[in-house]
Amino acid sequence: MVAKSESNKKRTKKVRIPRTSMPEQDPGARKKNFEEVATGYTQEDALLEASRCIQCKNPTCISGCPVEIDIKSFIKLITEKKFEEALEKIREKNTLPAVCGRVCPQEDQCEKECILGIRYEPVAIGRLERYVADRELKRLADQGKECAYSEVTRKCTKEKVAIVGSGPAGLTCAAELSKKGYRVTIFEALHKAGGVLVYGIPEFRLPKDIVQKEIDYLKSMDVNISVNAVIGKTLTVEDLINDGFKAIFIATGAGLPHFMGIPGENLNGVYSANEYLTRSNLMKAYKFPECDTPIIRGKNVAVVGGGNVAMDSARTALRLGADHVYLIYRRGEAEMPARNEEIKHAREEGIDFKLLNNPVEIMGRDGWVDKIRLIKMKLGEPDQSGRRRPVPVSGSEYDIDVDVVIMAIGQGPNPLLTSRIKGLKLNSRGYIDADPETGKTSLKGVFAGGDIVTGAATVILAMGAGRKAAKHIDQYIRTGKW
Amino acid sequence: MFKIISKEELAPGITRFDVEAMLVARKARPGQFVIIRIREGGERIPLTIAAYDREKGIISLVSLRVGKSTALLAGLRQGDNILDLVGPLGNPSEIKNFGRVICVGGGAGIAPVLPIAGALKDAGNHVISIIGSKTEGMLILEDEMRSVSDEFYICTDDGSLGYKGFVSGLLEEYLEKNLSDVKRNKTNVDRCIAIGPAVMMASVAKVTEKYGLKTIVSLNSIMVDGTGMCGACRVEVGGKTKFVCVDGPEFDGHQVNFDLLMSRQRIYCKQEDTCYDLYKEECRHKK
Ligand SMILES: Cc1cc2nc3c(=O)[nH]c(=O)nc-3n(C[C@H](O)[C@H](O)[C@H](O)COP(=O)(O)OP(=O)(O)OC[C@H]3O[C@@H](n4cnc5c(N)ncnc54)[C@H](O)[C@@H]3O)c2cc1C
Ligand code: SF4
Ligand code: FES
């Protein structure tokens with residue numbers, strides 16, 4: 001009894017430690033640069049935060065993580081200062097910890113389930129994950145290693161597997177299969193691997209050299225990455241089969257930009273978020289004219305949408321020198337699909353949220369955008385998704401002056417490949433019909449996962465799909481059973 | 001890396017490159033294009049495949065120097081490498097025996113017309129070619145075009161060679177002379193393919209519309225990925241938004257909103273000029 005009340009006391013003390021805040025660049029300064037906003041925990045921060053974890057007997061956080069990282073154990077290892085082992089613990093389930101620690105919506109996943117969250121604030125699991133991953137990257141860099149993990153080079157000898165798309169789903173599937181000894185080739189349409197991690201998510205949220213290091217790690221595991229290869233054009237799925245690939249994993253993402261279908265969308269100065277972010281991130285247009293790809297630096301920019309993509313576009317516009325950035329969203333803040341942290345950061349940086357507003361027309365002069373016409377909305381009855389449906393308030397239209405408009409209202413499946421594979425079953429929205437547990441499609445030997453199956457989702461869900469598919473690709477190749 | 005096997009200046013500012021690109025050469029068909037990135041930090045620019053050799057794994061690209069990227073490309077030598085090259089992108093031209101087909105090529109646009117004219121000829125068409133340039137010295141691929149044509153016409157803006165005037169002018173005269181049904185203004189030509197600067201394609205489409213002559217144009221919009229991912233290449237065809245890289249590049253010329261195309265082509269005019277000027281300055285310093 002005595003012992004128990006002792007430990008109870010200790011617990012109470014622990015949980016009373018406030019959640020360790022994340023050091024960040026000052027909003028005034030950061031909105032003018034592309035450097036990372038959150039600068040990362042120090043060792044003291046990490047130790048303090050890890051000490052808040054009460055090491056539950058039945059850790060609920062783990063069930064909140066889509067790939068079930070052994071969170072409890074890795075945090076324990078941090079408190080023991082066994083940082084490398086902590087990272088290994090995470091790596092058992094997650095091959096991209098430095099990425100996930102930064103971009104996972106932890107507040108809806110592991111941290112949402114953390115028991116401390118009921119009365120206090122949850123343990124900052126994501127920040128700890130990032131800390132151990134970054135610490136290792138730094139350690140290797142200090143040793144002067146170009147590629148973080150170049151020492152683990154090895155040779156794979158088993159059957160060949162083709163992976164189409166190098167986003168998180170493809171990268172994870174490749175890593176898992178390579179660990180099992182398969183000869184993996186990733187085919188990527190763009191000139192650089194990484195999917196949304198390189199072309200979509202901006203530098204200030206996910207530095208590109210971190211993504212590059214994760215990709216170098218894969219290469220050191222004998223994964224072959226073939227860029228500039230559009231499957232369906234450069235090579236077909238039949239070509240891959242004839243080439244001796246025993247299984248194919250399709251992870252082409254949800255890259256087709258949606259427009260609203262309102263007048264004026266083709267005016268100069270109107271972008272899809274995909275184009276805007278690709279120019280800025282992948283093509284480095286923010287460094288123009290040092291880099292050759294141009295981008296329009298608007299003074300007054302309107303971004304339409306309420307998800308992460310919209311936040312990223314708005315904050316990019318600000319960093320490209322806009323005086324005023326409007327974020328136009330047809331529902332309220334509570335309904336916004338973006339991560340809380342992104343909404344908070346956007347607000348701090350001075351993005352002007354125009355909630356319950358919707359564009360009806362974009363107006364131009366001499367071919368260039370000069371105004372956007374908005375209509376006010378109110379929330380009506382809940383729709384199928386349970387969210388209250390926004391309805392326009394008639395007669396409430398008004399115009400604002402803008403010179404750039406960015407449409408970030410969602411993406412769909414790109415039919416470029418899927419329409420060229422005979423017998424591949426798609427669902428009514430054009431996504432691939434694949435078993436969520438195994439990744440199996442309607443075609444023997446063809447697996448699929450990530451956004452091309454689920455629709456635009458998250459990095460970690462795409463990774464989870466890649467991981468599951470790897471397991472079943474292995475099973476299929478070993479047994480020949482479908 | 002994609003090696004330049006040979007390089008030839010076809011006319012001042014217009015260069016032809018033969019590039020090693022095995023996979024692209026194996027799949028390429030007339031009408032398709034590639035996207036290249038010359039070096040780290042470079043832009044992605046689309047170029048039509050002017051010819052391909054499946055056995056040797058070589059494709060030919062023809063580029064007109066207009067800005068920094070094309071100037072960088074023009075500066076590459078035989079044996080140099082292009083950093084990235086992806087394709088073949090876009091839909092191939094529709095090739096079948098239409099009967100009598102007019103192929104119109106203007107300026108650097110003659111290069112992409114050539115493989116299409118060749119394929120149409122092979123498919124049994126009577127090929128009538130009209131090619132044009134500003135002046136005699138700027139005319140490219142004359143012999144190659146002649147060799148795939150049953151009838152062959154040249155025009156130059158200044159009259160230094162052939163007909164004096166625009167291709168659209170010569171085309172109109174040709175159609176006028178070849179009316180099969182004078183009352184209904186119908187010609188004995190079955191199809192027209194026109195590739196060149198947007199203004200040229202617009203005026204060709206305007207002429208052929210009068211004769212109800214189906215006209216295919218190949219649109220050269222600004223692109224980034226070339227796979228339908230960004231929408232940079234969007235144009236309006238028949239009142240609907242289309243992506244040139246995946247829905248085209250060829251469209252019915254009578255349905256295309258050329259004003260919009262031309263306006264969108266000018267989006268980055270200012271930036272491109274700045275970039276090109278800086279580059280020229282840099283080159284001068286190096287010298
Ligand atoms: C701007 C933005 C911000 C986001 N922010 C977050 C965030 O903070 N947190 C989060 O969890 N999620 C976020 N997401 C969502 C997340 O990035 C995606 O859910 C995830 O990347 C999906 O992974 P994927 O592997 O399925 O596809 P993708 O990452 O889309 O990768 C697909 C790859 O396949 C390639 N490809 C496509 N077609 C072909 C073909 N025919 N041949 C060869 N290659 C092809 C593409 O070029 C691309 O590289 C964001 C998305 C965007 C766009
Ligand atoms: S991967 Fe994402 S959900 Fe899982 S523990 Fe890490 S931050 Fe939480
Ligand atoms: S170039 Fe990006 S969609 Fe056509």
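Protein chains get the first letters and strands the later ones, always in sequence-line order, with residue 1 at the start of each.
- Here the CD atom belonging to B:E272 is positioned 10.0 Å from the CG atom belonging to A:D292, to the nearest 0.5 angstrom.
- Using a 4.5 Å cut-off on side-chain heavy atoms (C-beta onward), B:E43 and A:P294 make contact.
- Within the 4.5 angstrom heavy-atom criterion, no atom of B:R29 approaches chain A.
- Nearest heavy atoms, B:A232 versus A:R279: CB-NH2, 4.4 Å.
- At a 4.5 Å heavy-atom cutoff, the contact between B:L85 and chain A is made by backbone atoms alone.
- Between B:R266 atom CZ and A:D366 atom CG the span is 10.0 Å, to the nearest 0.5 Å.
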Practice task
Apply side chain to side chain contact (heavy atoms under 4.5 Å, CB included) to the pair B:M229 and A:Q411, showing each step before the final yes or no.
Solution key: CA-CA 9 Å; B:M229 184 267 269; A:Q411 295 105 254; over 6 Å; no
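- The closest side-chain heavy-atom distance from B:V246 to A:L416 is below 4.5 Å.
- For chain A, the nearby part of B:L260 is the side chain; its heavy atoms alone come within less than 4.5 Å.
- For a residue to count as touching a neighbouring chain, one of its non-hydrogen atoms must lie under 4.5 Å from one of that chain's; by this rule A:L417 does not touch chain B.
- Contact check for B:Y276 versus A:P289: no side-chain heavy atoms found under the 4.5 Å cut-off.
- Here B:G90 is the residue among B:G67, B:G90, B:A28 with the most heavy-atom pairs under 4.5 Å with chain A.
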Determine all donor-acceptor pairs shorter than 3.5 Å in which one atom belongs to a side chain in residues 44-52 of chain B; sequence neighbours excluded.
from, atom 1, to, atom 2, distance (Å)
B:R44, NE, B:V224, O, 2.7
B:R44, NH1, A:H191, ND1, 2.8
B:R44, NH2, B:D225, O, 3.2

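- Contact residues of residues 13-22 of chain B toward chain A are absent (heavy-atom distance under 4.5 Å).
- Of the possible polar contacts, none joining the A:N266 side chain to the B:R234 backbone as a donor-acceptor pair under 3.5 Å is found.
- One distance of note links OG1 of A:T234 with CG of B:L89; it measures 6.5 Å at 0.5 Å rounding.
- Between A:Y271 and B:Y268, the ring planes lie tilted relative to each other; the angle falls in the 30° to 60° range.
- Ranked by heavy-atom pairs shorter than 4.5 Å toward chain B, the options A:L277, A:I296, A:L267, A:V227 are led by A:I296.
- The part of A:F259 that comes within reach of chain B is its side chain, from C-beta onward, which places non-hydrogen atoms under 4.5 angstrom from that chain.
- The minimum heavy-atom distance linking A:P257 with B:G228 is given by the pair CD-O, 3.5 Å.
- Without hydrogens or angle criteria, A:S272 side chain to B:G231 main chain gives no donor-acceptor distance under 3.5 Å.
- If you measure heavy-atom distances from B:L23 to chain A, the contacts under 4.5 Å come from both the backbone and the side chain.
- Nearest approach of B:S263 to A:N268, heavy atoms of both residues: O-ND2, 3.0 Å.
- Heavy atoms of B:I38 lying under 4.5 Å from chain A are absent altogether.
- Most heavy-atom pairs under 4.5 Å with chain A: of the set B:L72, B:T241, B:T274, this distinction falls to B:T241.
- Across all non-hydrogen atoms, the minimal contact from A:W368 to B:I267 is CH2-O, 3.3 Å.
- In this structure, chain A has no heavy atom under 4.5 Å from any part of B:Y279.
- A salt bridge links B:K27 with A:D239; the closest basic N to acidic carboxylate O contact falls under 4.0 Å.
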